[in-house]
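Notes for the one structure printed next.
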Amino acid sequence: TPPKATPPKATPPKATPPKATPPKATPQPTASPSLPFSPPYCPSPPPSSPPYCPTIPSSHTFRLRQLHSLLAPHKPLEFINNQPEASLEGLAPAEDLASFKEAQESTRQALGLGGSEEYRLGRIQFGSFEVDTWYHSPYPREYTQLPVIYVCEFCLKFYKSTDTLYRHANICKWRHPPGNEIYRKNLLSIFEVDGEKHKAYCQNLCLMAKLFLENKTLYFDVEPFLFYVLTKASHYGCHFVGYFSKEKHSAQNCNVSCILTMPQYMNHGYGKMMIDFSYLLTRREQKVGSPERPLSDLGLISYRSYWKDVILEYLIRLGKQDAISIKELSQESGLHCDDIISTLQFHGLLKYWKGKHIILRRKDLLDEHALLCEKRKKSPTFLDPSCLHWSPATYPVYSLYD
């Protein structure tokens, strides 16, 4: 008899130890292609922050009013009624002011604009501020006939009513100007915007700037220009403070074509900061620059103040050297020689004595400037060249007949 086949014993499956899963790598934030810095761009909003939506006041008691505490607390500013420009009494000769006003009125009549209030938009709602306009701007006619228009402070699009602005604020994804961020220190940033790449934004910027600049003539042909926009960051985004523009190819080496500080940010040092920044770019290009003429009254006062500070700082740094070269000062600071000479003559620092031109070292001015420099270094608007991330670029030459 054959032996009985014994069934094979079932062996229990071996327990395989669980594989150790590597921890998931948290995605690191990558820099935006348009920004040379890594995010976050602005401070992240607190969890209880409401979504950004501008609010409109029910009454207007100031020409410039802060609405609600959407931004950092500002002191409400109030402009004098029927005073579109800052008072220049004591800063400019009375004869020059009288001739300027006479020429201003004759120009309005020659252009068929009549009085200064005709065809002028009354107010704009810009972010959390309501600003009274100073001059006429070529907005579409249906907008200029309104008492107030509403402008988005991020993309600069304009609307007729609060409802349309609310709808736009809910879908607008812009929280900073387009272009490249080339400077950032604390909450202040400067963006370089190419007029050819971002034409609509630059056109809206020029239309809004014309409301506060009388001699501005550029509105729509923005391709040959670069725009440098100064912003101040908050939890909601980068709020527009001011800007300046310059030509890509200037035959006269002008480093500024137009410059503006919004009225709610005036008298805070932002204008002088933008002037200093324009000369910083000029020095990086290893050139000598000057603003485009003619300068407005306020622009001339601002530039003369900046030129005087640069010259006095140079004199303090030289010490008691006998020889002072205007050409060396021009190459070191980026100021044009004509601007240096005119500033020295205006402040009485250049004299002609025994057949030579001499520069006076006024001890009172040097001591006063030394004290001011120590205070300005602590100001948030003090320009830090190490925070600039920019190199000169080349652009195609445009022709008027293209």
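We number each residue from 1, following the sequence as shown. What's counted below: heavy atoms across the whole structure, side chains too, no hydrogens, waters or symmetry copies.
Panel note: side chain Thr133, backbone Gly122; a donor-acceptor pair is recorded below 3.5 Å. Formation of a donor-acceptor pair under 3.5 Å by the His336 side chain with backbone atoms of Asp338 is found in this model. Distance alone, capped at 3.5 Å, is enough to place a donor-acceptor pair between the Lys185 side chain and the Phe382 backbone. Checked by atom type and distance alone, the side chain of Asn204 pairs as donor or acceptor with a backbone atom of Ala200 at under 3.5 Å. Counting only distance, with no hydrogens or angles, the side chain of Glu368 and the backbone of Ala370 share no donor-acceptor pair below 3.5 Å. Using modelled atom types, no side-chain atom of His369 and backbone atom of Asp367 make a donor-acceptor pair closer than 3.5 Å.
Ion pairing between Lys248 and Asp194 holds under the 4.0 Å rule for side-chain N and carboxylate O. Between Glu192 and Lys246 no salt bridge is recorded (no basic side-chain N to carboxylate O distance below 4.0 Å). With salt bridges taken as basic N to acidic carboxylate O contacts below 4.0 Å, none links Lys199 and Glu196.
In this structure, CG on Leu349 lies 9.5 Å from OG1 on Thr343, to the nearest 0.5 angstrom. The line from CG of Leu165 to SG of Cys172 is 9.5 Å long, rounded to the nearest 0.5 Å. Between the CG atom in Asn255 and the CZ atom in Arg283 there is a gap of 10.5 Å [rounded to 0.5 Å]. Rounded to the nearest 0.5 angstrom, Ile190 CD1 and Cys238 SG are separated by 12.5 Å.
Counted within 6.0 Å of CG on Asp221, heavy atoms from surrounding residues, nucleotides or ligands total 12 or fewer; the atom is thus considered open. Other residues, nucleotides and ligands contribute at most 12 non-hydrogen atoms within 6.0 Å of the CD atom of Gln286. No more than 12 heavy atoms of other residues, nucleotides or ligands lie within 6.0 Å of CD in Gln252, so this atom counts as exposed by the packing criterion.
Proximity of the aromatic rings of His239 and Phe154 is defined here by a centroid distance below 6.0 angstrom, and this criterion is met. Checked against the 6.0 Å centroid threshold, Tyr183 and His389 do not count as a close aromatic pair.
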Enumerate donor-acceptor pairs with a distance under 3.5 Å from any side-chain N or O in residues 271-279 to protein atoms, sequence neighbours excluded.
| residue | atom | partner | partner atom | Å |
| --- | --- | --- | --- | --- |
| Lys272 | NZ | Ser305 | OG | 2.9 |
| Lys272 | NZ | Asp309 | OD2 | 3.1 |
| Asp276 | OD1 | Tyr306 | OH | 3.0 |
| Ser278 | OG | Ile275 | O | 2.6 |
| Tyr279 | OH | Trp307 | NE1 | 3.1 |

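Glu247 meets the side-chain contact (heavy atoms from CB on, under 4.5 Å) test with Phe225, Ser250, Ser257, Glu292; sequence neighbours excluded. Judged as a salt bridge (charged side-chain N to carboxylate O under 4.0 Å, His left out), and not counting sequence neighbours, the contacts of Asp364 are Arg362. Checked against side-chain hydrogen bond (donor to acceptor under 3.5 Å, both in side chains), Asp384 has the following partners two or more places apart in sequence or in another chain: Ser386. Lys173 pairs by the salt bridge (charged side-chain N to carboxylate O under 4.0 Å, His left out) definition with nothing, not counting sequence neighbours. With sequence neighbours left out, the side-chain contact (heavy atoms from CB on, under 4.5 Å) criterion links Leu366 to Leu312, Leu315, Ile316, Arg361. For Lys327, the side-chain contact (heavy atoms from CB on, under 4.5 Å) criterion is met by Ser325, Gln331, not counting sequence neighbours. Qualifying ring-ring contact (aromatic ring centres under 6.0 Å, His included) partners for His168, counting only residues two or more places apart in sequence or in other chains: Tyr159. Applying the salt bridge (charged side-chain N to carboxylate O under 4.0 Å, His left out) test to Glu328 and every residue at least two apart in sequence or in another chain returns nothing. Residues meeting the ring-ring contact (aromatic ring centres under 6.0 Å, His included) test with Tyr143, sequence neighbours left out: Phe158.
Among the candidates Tyr265, Tyr135, Trp134, Tyr243, the single residue satisfying the ring-ring contact (aromatic ring centres under 6.0 Å, His included) test with Phe212 is Trp134.
Of all heavy-atom pairs spanning Val193 and Pro178, the tightest one is CG2-O, 3.1 Å. Shown here for Phe126 and Cys152, the closest heavy-atom pair between the two residues is CE1-O, 4.1 Å. Residues Leu207 and Ser137 come closest through the heavy atom pair O-OG, 2.6 Å. Phe227 and Cys202 get closest at one heavy-atom pair: CD1-SG, 3.4 Å. The shortest non-hydrogen separation linking Thr381 to His268 is CG2-O, 3.5 Å. Of all heavy-atom pairs spanning Pro263 and Val131, the tightest one is CG-CG1, 3.7 Å.
Taking 4.5 Å as the limit, some side-chain heavy atom of Lys351 sits within range of a side-chain heavy atom of Leu360. At least one side-chain heavy atom of Tyr150 sits less than 4.5 Å from a side-chain heavy atom of Thr162. Between Leu329 and Leu335, every side-chain heavy-atom pair lies at or beyond the 4.5 Å cut-off. Inter-residue side-chain proximity for Asn253 and Ser290 is flagged as unmet; no heavy-atom pair is nearer than 4.5 Å. A heavy-atom distance below 4.5 Å is not found between the side chains of Pro392 and Leu281. Inter-residue side-chain proximity for Cys258 and Leu213 is flagged as met; some heavy-atom pair is nearer than 4.5 Å. The shortest side-chain heavy-atom distance between Arg284 and Leu388 falls under the 4.5 Å cut-off.
For the pair Arg175 and Tyr236, the cation does not sit on the ring face, since its NZ or CZ is not both under 6.0 Å from the ring centre and inside 45° of the axis.
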Test log, rule side-chain contact (heavy atoms from CB on, under 4.5 Å), inputs Tyr201 and Leu156: CA-CA 7 Å; Tyr201 178 88; Leu156 303 185; 3.7 Å; yes

From CA spacing to verdict: side-chain contact (heavy atoms from CB on, under 4.5 Å), Ile124, Val148: CA-CA 5 Å; Ile124 64 169; Val148 58; 5.6 Å; no

side-chain contact (heavy atoms from CB on, under 4.5 Å) evaluation trace for Leu188 with Tyr270: CA-CA 10 Å; Leu188 297 179; Tyr270 295 113; 3.9 Å; yes

Worked verdict on Glu332 versus Arg317 for salt bridge (Lys or Arg N to Asp or Glu O under 4.0 Å): CA-CA 12 Å; Glu332 181 178 342; Arg317 191 165 58 251; 2.6 Å; yes

Trace of the side-chain contact (heavy atoms from CB on, under 4.5 Å) decision for Asn180 with Phe191: CA-CA 5 Å; Asn180 297 326; Phe191 290 80; over 6 Å; no

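Sorted by first then second residue, the salt bridge (Lys or Arg N to Asp or Glu O under 4.0 Å) pairs that include residues 154-169, not counting sequence neighbours, number zero. Note on residues 233-243: no pairs pass salt bridge (Lys or Arg N to Asp or Glu O under 4.0 Å), not counting sequence neighbours.
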